[in-house]
K.L.:
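So that we are looking at the same thing, I have put the structure below in structure tokens.
Position 1 is the first residue of the sequence; numbering continues from there. The figures here come from the full heavy-atom set of this structure, side chains too, leaving out hydrogens, waters and symmetry mates. Note that the coordinates shown come from a computational prediction; the quantities given were computed from them, not determined experimentally.
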Amino acid sequence: METNQIKEKIRELENWLIENPNSPERSLIESDIKKLKNQLEKNMSKVQIEERIATLYLALQYCSEKKKTFTAGERICINQERFQWMHILDNEAATPRPVSANIENKINDVLRLALQNNFKPYYGDPFKEEILLNA
């Protein structure tokens, strides 16, 4: 399945969940969404992975410097995803560890705020500096 097809199927299933909140099939649909997201993440290129790492870093920095949005546990989950992506860059056999849909929604909200406010983190992304040093 192509990346765009996977994204479309995920949107369809997420909309189904919204429209059918009490369905007995909910856990099956959630499982399908998780599998599709894992497949989508395995299709990511090196550039896309680096962009995702940078995106997660920006969300964490905005939360630290401007508006506390994430709980400590959510920050841990975001960092786990970041570091797993870094691991995948070194070992393609590693499996992505995506955040939950709820945390992903919060990340997207924070990113919208960061863009609206033209936010630039006080500290640069140490991962990007590491990429430049290793290049």
K.L.:
To the closest 0.5 Å, what do you measure between CG (L56) and CZ (R75)?
P.N.:
11.5 Å
K.L.:
Do the side chains of E74 and K68 get close enough for a salt bridge, i.e. N-O under 4.0 angstrom?
P.N.:
no
K.L.:
Shortest non-hydrogen contact from K37 to I10?
P.N.:
CG-CD1, 3.7 Å
K.L.:
Could you give the distance from CG (N79) to CE (M86), rounded to the nearest 0.5 Å?
P.N.:
8.0 Å
K.L.:
So, are K106 and D109 salt-bridged, with charged N and O less than 4.0 Å apart?
P.N.:
no
K.L.:
Nearest heavy-atom pair of E65 and K120: which atoms, and what distance?
P.N.:
OE1-O, 4.2 Å
K.L.:
Check for me, please, whether I49 and F83 land in the same ILVMFWY cluster - side-chain distances under 4.5 Å, paths through other members count.
P.N.:
yes
K.L.:
What pairs with R11 under side-chain hydrogen bond (donor to acceptor under 3.5 Å, both in side chains), at least two apart in sequence or on another chain?
P.N.:
E8
K.L.:
Distance check, rounded to the nearest 0.5 Å: L36 atom CG versus Q5 atom CD?
P.N.:
11.0 Å
K.L.:
What distance do L60 atom CG and I78 atom CD1 have between them, rounded to the nearest 0.5 Å?
P.N.:
5.0 Å
K.L.:
To the nearest 0.5 Å, tell me how far T55 OG1 sits from L58 CG.
P.N.:
7.0 Å
K.L.:
Please list, chain by chain and in numerical order, all residues satisfying side-chain hydrogen bond (donor to acceptor under 3.5 Å, both in side chains) with N108, sequence neighbours excluded.
P.N.:
none
K.L.:
Apply salt bridge (charged side-chain N to carboxylate O under 4.0 Å, His left out) to residues E14 and K7 and explain how you reach the verdict.
P.N.:
CA-CA 11 Å; E14 287 175 337; K7 288 180 180 179; over 6 Å; no
K.L.:
Mind listing the closest non-hydrogen atom pair of R97 and E81 along with its distance?
P.N.:
O-CB, 3.3 Å
K.L.:
So which heavy atom on L89 is nearest to which on I53, and how close?
P.N.:
CD1-CD1, 4.1 Å
K.L.:
Could you name each residue pair satisfying side chain to side chain donor-acceptor pair (under 3.5 Å) that touches residues 16-28, not counting sequence neighbours?
P.N.:
R26-E30
K.L.:
Indicate the atoms forming the closest heavy-atom contact of F70 with I103, along with that distance.
P.N.:
CE2-O, 4.5 Å
K.L.:
In terms of hydrophobic clusters joined by side-chain contacts under 4.5 Å, are L17 and L13 together?
P.N.:
yes
K.L.:
Looking at every non-hydrogen atom in both residues, tell me the closest pair between A59 and I107 and how far apart they are.
P.N.:
CB-CG2, 4.1 Å
K.L.:
Please round to the nearest 0.5 Å and tell me the distance separating atom CH2 of W85 and atom CD1 of I88.
P.N.:
4.5 Å
K.L.:
Go through it in stages, so that I can follow the logic: the residues are L113 and Q116, the test is side chain to side chain contact (heavy atoms under 4.5 Å, CB included), and I'd like the CA-CA distance, side-chain angles, deciding distance and then a yes or no.
P.N.:
CA-CA 5 Å; L113 288 172; Q116 286 173 357; 3.9 Å; yes
K.L.:
Can you check whether T95's main-chain N or O pairs, donor with acceptor, with Q84's side chain at less than 3.5 Å?
P.N.:
yes
